[in-house]
Amino acid sequence: MYTKPRYPISVVFKWTRRYIYVFFITALIPVLLYEVAGFKWLTLPWQPIGLIGTALAFITGFKNNASYDRQWEARKIYGGIVNASRWFTTMVNDFISNTNTDDPKTETELFKIRKAMVLRHVAWMSALRHALRQKKTWETAKTNKSDQEHMKQIKVPEFENSLSDELEGYLPVDEKTKILSKTNKQTAVLNFQSKHIAQLASAELIDNFRHVEFQNVIGELFTLQGKAERIKNFPYPRQFATLNTYFIWIFILIMPFGFMRQFDLTAQSLIASGVSNLYFGFLVEHFVWLSIPFSVIISWIFFAMERVGDTSENPFEGMGNDVPISTISRAIEIDIREMIDDDLTLIPMPLPEYQNTQM
């Protein structure tokens, strides 16, 4: 869930502080060799380094745009699931009736049918959530130390509970057992939902036209499921993601050698211009050391943007800034169970909010 402030600068520094230490070391060592050890030849012209930096800015921007597109598409998919869930529940409420049947049901029996279908729909969302949270080899949230530390402040339901536990009470025991035995459990749930609708049509609790409409919404749910699975199972192309990371590290390593030369030339220019004040004189004499903080800052900017792209590539892996599929699914459950007038004491509460994160 979003909260304000969404991302204080302290959180950003905490998330990237391990890398800042590395940037400091990579900037310090060349200056020590240049200024203390006297290796004055240990410099590079700034022009090619600047050219590399300009190219990297374009490449990183392209990667971040593509990563954001993946995340935004995932959010639109779950927006579609919200709409389809409400559509489905409206049909459950209005289409299932005794209008055409020779064996009418009581209102209590009709409510049980409606609730069973709604709970099965919630079970489908739970199965889909768990499938989308499964670890893929290209995902880094569970292996990157900074990401692991960042995730300690949140609890992801799919990592805390098994699917079997979450389906308890939402499906009949025999149905749950069959679903858990399948490879694609979310597809199995929709298959059971479709069969139940067919049984209602056979019992004439829904007419043929309404049966077709139910099948249309089942088809829409399959479509949304397939779109989410496509994003989950097909990574951002590695040739773009991996090479860009290598290029940025190359840039970070060679940048201090160009900075030293530029700062040294600036110091010589200041000395030639007659800067002899005691305080400014000391600063000018050690001007090359200022290349360290500037190298760290620029390295951090490039690497932070790279990390933003990395953590946006896989919008379902469980990071704090992924699409909040757990929160959305719980909100849908509350919404659709209220739509069928389910007992409010049986409807779960919304998931808790965590500062600066979503679930």
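What's counted below: heavy atoms across the whole structure, side chains too, no hydrogens, waters or symmetry copies. Predicted model only: the values in this text are computed from it and were never measured.
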Would you say the side chain of I231 lies within less than 4.5 Å of the side chain of I77, judging by non-hydrogen atoms? yes
Does the pair E204 and N98 meet the rule for a side chain to side chain contact (heavy atoms under 4.5 Å, CB included), with working shown? CA-CA 8 Å; E204 297 184 330; N98 291 317; over 6 Å; no
Holding to side-chain contact (heavy atoms from CB on, under 4.5 Å), I want the full list of residues that pass it with D174, two or more places apart in sequence or in another chain. P172
Closest non-hydrogen contact found for P315 with Q71 is CB-CA, 3.9 Å
When you compare the side chain of K63 with that of M305, does any pair of heavy atoms fall below 4.5 Å? no
Between S164 and S162, does any side-chain donor sit less than 3.5 Å from a side-chain acceptor? no
Looking at K112, I want to see if its NZ is surrounded by more than 12 non-hydrogen atoms of other residues, nucleotides or ligands under 6.0 Å. no
Run the side-chain hydrogen bond (donor to acceptor under 3.5 Å, both in side chains) test against E73 and tell me which residues pass, sequence neighbours left out. R230
Quick one: ring-ring contact (aromatic ring centres under 6.0 Å, His included) pairs with a partner in residues 103-135, sequence neighbours left out? F88-H121, H121-W124
Indicate if I49 and I29 have the same hydrophobic cluster label, given that clusters are the connected sets of ILVMFWY residues with side-chain heavy-atom separations under 4.5 angstrom. yes
Is it true that a side-chain atom of N65 and a backbone atom of G61 form a donor plus acceptor pair closer than 3.5 Å? yes
Listed once per pair and sorted, the ring-ring contact (aromatic ring centres under 6.0 Å, His included) pairs that draw on residues 39-65, sequence neighbours left out: F39-W41, W46-F259, F62-F240
With heavy-atom distances below 4.5 Å as the criterion, would you say the side chains of M125 and V122 are in contact? yes
Pairwise side-chain contact, E166 with P157, heavy-atom cut-off 4.5 Å (strictly under): yes
Once rounded to the nearest 0.5 Å, what's the spacing between atom CD of E229 and atom CZ of F234? 15.5 Å
Looking at side-chain heavy atoms only, is the closest gap between V323 and K76 below 4.5 Å? no
Under the side-chain contact (heavy atoms from CB on, under 4.5 Å) test, residues paired with N93 that sit two or more places apart: R114, M339, I340
Is there side-chain contact between K115 and L346, with at least one heavy-atom pair below 4.5 Å? yes
Shortest non-hydrogen contact between S299 and M255, atoms and distance: OG-CE, 3.0 Å
Do W138 and Y236 belong to the same hydrophobic cluster, where Ile, Leu, Val, Met, Phe, Trp and Tyr are linked whenever their side-chain heavy atoms lie under 4.5 Å apart, directly or via other members? no
Check for a donor-acceptor pair, side chain of T89 on one end and backbone N or O of S85 on the other, with a separation under 3.5 Å. yes
Cluster partners of Y68, using ILVMFWY side-chain heavy atoms under 4.5 angstrom, listed by chain and number? W72
When you look at L128 and I81, which way does the side chain to side chain contact (heavy atoms under 4.5 Å, CB included) test go after all the steps? CA-CA 11 Å; L128 180 59; I81 290 176; 3.9 Å; yes
More than 12 heavy atoms of other residues, nucleotides or ligands under 6.0 Å from CG of N208: is that the case? no
CA sep, side-chain torsions, deciding dist, call: S202, Q199, side chain to side chain contact (heavy atoms under 4.5 Å, CB included): CA-CA 5 Å; S202 298; Q199 291 170 2; 5.5 Å; no
List for me each residue that meets side-chain contact (heavy atoms from CB on, under 4.5 Å) alongside S181, sequence neighbours excluded, and say none if there are none. none
State whether a side-chain donor-acceptor pair under 3.5 Å links K136 with N233. yes
Determine whether I325 and R133 make a side-chain contact, defined as any pair of heavy atoms from C-beta on separated by less than 4.5 Å. yes
Tell me whether I206 is reachable from I113 by hopping between hydrophobic residues (I, L, V, M, F, W, Y) whose side-chain heavy atoms are closer than 4.5 Å. yes
Where is the tightest heavy-atom contact between K185 and A127, given as atom of each residue plus distance? C-CB, 4.1 Å
Can you check side chain to side chain contact (heavy atoms under 4.5 Å, CB included) on Y78 and S329, steps first, answer last? CA-CA 9 Å; Y78 259 80; S329 298; 3.8 Å; yes
Option among I254, V296, I252 that satisfies the side chain to side chain contact (heavy atoms under 4.5 Å, CB included) test with T26: I252
Residue pairs involving residues 170-200 (criterion ring-ring contact (aromatic ring centres under 6.0 Å, His included); sequence neighbours excluded): none
Heavy-atom closest contact (V31 atom, S291 atom, distance): CG2-OG, 3.4 Å
Residue pairs passing the ring-ring contact (aromatic ring centres under 6.0 Å, His included) test where at least one lies in residues 303-329, sequence neighbours excluded: Y19-F303, F23-F303, W249-F303
Let me confirm one number: the NZ-CG distance from K176 to L163, rounded to the nearest 0.5 Å. 8.5 Å
From K105 atom NZ to S97 atom OG, the distance as rounded to the nearest 0.5 Å: 13.0 Å
Please say yes or no: joined through hydrophobic side-chain contacts below 4.5 Å, possibly via intermediate residues, are I25 and L253 part of one cluster? no
Roughly how far, to the nearest 0.5 Å, is the CZ atom of F214 from the CH2 atom of W87? 11.0 Å
Rounded to the nearest 0.5 angstrom, the OG1-CG distance for T177 and L167 is 10.5 Å
Partners of R120 by salt bridge (Lys or Arg N to Asp or Glu O under 4.0 Å), sequence neighbours excluded? E175
Which heavy atom of I292 sits nearest a heavy atom of A27, and at what distance? CG1-O, 3.8 Å
Can you tell which of T60, T311, T245 makes a side chain to side chain donor-acceptor pair (under 3.5 Å) with E306? T245
For I347, what are the other residues in its hydrophobic cluster, where any two members join if their side-chain heavy atoms are less than 4.5 angstrom apart? I334, L344
Scanning both residues in full, the closest heavy-atom pair of D322 with G318 reads OD2-N, 2.7 Å
side-chain contact (heavy atoms from CB on, under 4.5 Å) involving L56 - partner list, sequence neighbours excluded: I52, N244, F247, I248, F251, F302
Polar side chain donor-acceptor pair, S67 to R70, under 3.5 angstrom: no
Heavy atoms of other groups near K40 NZ, more than 12 under 6.0 Å: yes
Calculate, to the nearest 0.5 Å, the distance between atoms CD and CD belonging to Q225 and E220 respectively. 12.0 Å
I'd like to know if the side chain of Q193 reaches the main chain of M117, judged simply by a donor and an acceptor atom lying under 3.5 Å from each other, with no hydrogens or angles considered. yes
Given 3.5 Å as the limit, does a donor-acceptor pair link the side chain of D207 with the main chain of R210, or not? yes
With no hydrogens and no angle check, do the side chains of T101 and D103 hold a donor and an acceptor under 3.5 Å apart? no
Evaluate the side-chain proximity of M91 to I96: yes if any heavy-atom separation is below 4.5 Å, no if none is. no
Quick check on the hydrophobic clustering: are V308 and W300 connected, directly or via other members, by side-chain heavy-atom contacts under 4.5 Å? no
